[in-house]
Amino acid sequence: MPLHADILAAIRRIPRGKVSTYGAVACAAGHPGAARQVVGVLRRSVGLPWQRVLGSGGEIKLRGESGFEQRFRLEAEGVTFRGRRVDMKQHEFKFPRMGKKQTKKPRT
DNA sequence: AAGATGACGCCCG
DNA sequence: CCGGGCGCCATCT
């Protein structure tokens with residue numbers, strides 16, 4: 001499974017009103033250390049909840065209008081901020097256990 | 001193939 | 001809290 005597919009899936013699993021971090025997503029996708037690749041996927045893919053992906057500590061790493069955009073969109077989902085960071089203790093989404101491959105269609 | 005870059009993460013002063 | 005440096009992985013020129 002292409003790494004971007006795993007990352008893509010992980011990002012899509014982030015529920016509304018919750019957020020995650022690049023590193024966490026990469027890890028949840030099964031690619032610890034591939035935080036940068038998470039960024040790549042976010043940029044190339046469209047229709048993803050990119051706003052729910054933040055930097056470590058819940059900090060918005062985007063600059064300029066993009067940063068504002070992200071902040072507003074998150075607040076619109078009910079996410080609260082602590083200064084310039086998202087209140088992670090309240091909105092950090094903990095990815096479910098991922099044994100190996102069984103992540104979506106365990107089907108019989 | 002090599003060099004440079006990126007919405008990163010973590011350590012150190 | 002702030003600034004600086006190094007490591008990671010994939011992509012682009």
Side-chain angles (χ1 to χ4, degrees):
Chain A
M1 177 85 86
L3 115 181
H4 52 75
D6 296 320
I7 295 172
L8 193 52
I11 295 171
R12 289 189 184 238
R13 289 201 281 278
I14 305 175
R16 188 167 174 288
K18 293 280 224 175
V19 299
S20 187
T21 67
Y22 304 102
V25 171
C27 205
H31 295 275
R36 307 194 86 130
Q37 277 49 262
V38 175
V39 172
V41 173
L42 282 167
R43 288 199 57 143
R44 298 158 69 87
S45 299
V46 201
L48 289 173
W50 60 273
Q51 57 214 97
R52 299 180 194 151
V53 188
L54 311 161
S56 73
E59 182 181 35
I60 289 179
K61 304 298 283 187
L62 276 167
R63 297 106 60 169
E65 306 236 356
S66 309
F68 272 101
E69 175 95 354
Q70 181 166 34
R71 174 159 184 158
F72 291 137
R73 290 183 85 143
L74 287 173
E75 291 185 314
E77 292 190 357
V79 176
T80 58
F81 280 71
R82 256 237 346 280
R84 324 150 103 80
R85 303 182 175 172
V86 166
D87 197 336
M88 297 306 269
K89 4 188 147 306
Q90 255 178 105
H91 306 286
E92 182 180 23
F93 172 64
K94 312 280 181 113
F95 283 90
R97 304 278 180 262
M98 286 176 62
K100 286 179 177 284
K101 36 218 354 201
Q102 176 227 130
T103 62
K104 29 184 169 188
K105 321 159 48 174
R107 193 92 72 68
T108 65

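A, B, ... follow the sequence lines: proteins, then strands. Residue 1 opens every chain.
In this structure, A/Lys61 NZ and A/Arg63 CZ are separated by 9.5 Å, a value rounded to the nearest 0.5 Å. The distance from the CZ atom of A/Arg12 to the CD1 atom of A/Ile7 is 13.0 Å, given to the nearest 0.5 Å.
Salt-bridge check for A/Arg73 with A/Glu77: failed, with every basic side-chain N at 4.0 Å or more from each acidic carboxylate O.
The nearest whole Å value for the distance from the NE2 atom in A/His4 to the P atom in C/dT11 is 7 Å. Remark: P of C/dA10 and CD1 of A/Ile7 are 9 Å apart, rounded to the nearest angstrom. Between the NE2 atom of A/His31 and the C1' atom of C/dG7 there is a distance of 19 Å, rounded to whole Å.
Judged by distance alone, the side chain of A/His4 and the main-chain N or O of A/Gln37 form no donor-acceptor pair under 3.5 Å. Between the side chain of A/Glu59 and the backbone N or O of A/Arg85, no donor-acceptor pair lies under 3.5 Å.
Because its NZ or CZ atom is not both nearer than 6.0 Å to the ring centre of A/Phe93 and within 45° of the ring axis, A/Arg52 does not count as a cation-pi partner of that residue.
For DNA chain B, none of the residues of residues 79-89 of chain A falls under the heavy-atom distance limit of 4.0 Å. Near DNA chain B, meaning a heavy atom under 4.0 Å from it, residues 16-24 of chain A has A/Tyr22, A/Gly23 in order of number. Only A/Arg36, A/Gln37, A/Arg44, listed by number, bring a heavy atom of residues 36-70 of chain A to less than 4.0 angstrom from any atom of DNA chain C.
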>> Before you tell me yes or no, could you show the steps for A/Leu54 and A/Leu74 under side chain to side chain contact (heavy atoms under 4.5 Å, CB included), namely the whole-Å CA-CA distance, both residues' side-chain angles and the distance that decides it to 0.1 Å?
In response: CA-CA 11 Å; A/Leu54 311 161; A/Leu74 287 173; 3.8 Å; yes
>> The test is side chain to side chain contact (heavy atoms under 4.5 Å, CB included); show your working for A/Ile60 and A/Arg84 and say whether it passes.
In response: CA-CA 8 Å; A/Ile60 289 179; A/Arg84 324 150 103 80; over 6 Å; no
Would you list the atom pairs, donor with acceptor, under 3.5 Å between side chains in residues 14-36 of chain A and any protein atom, with sequence neighbours excluded?
| residue | atom | partner | partner atom | Å |
| --- | --- | --- | --- | --- |
| A/Thr21 | OG1 | A/Ala24 | N | 3.1 |
| A/His31 | NE2 | A/Asp6 | OD2 | 3.1 |

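Looking at heavy atoms from C-beta onward, A/Val41 lies in side-chain contact with A/Leu48 at the 4.5 angstrom threshold. Counting heavy atoms from C-beta on, the side chains of A/Trp50 and A/Gln70 come closer than 4.5 Å.
In 5' to 3' order, the nucleotides of DNA chain B bounding all contacts with chain A (an atom under 4.0 Å from a heavy atom) are B/dG6 to B/dC10.
Through direct or indirect side-chain contacts shorter than 4.5 Å among Ile, Leu, Val, Met, Phe, Trp and Tyr, A/Phe72 is connected to A/Phe68.
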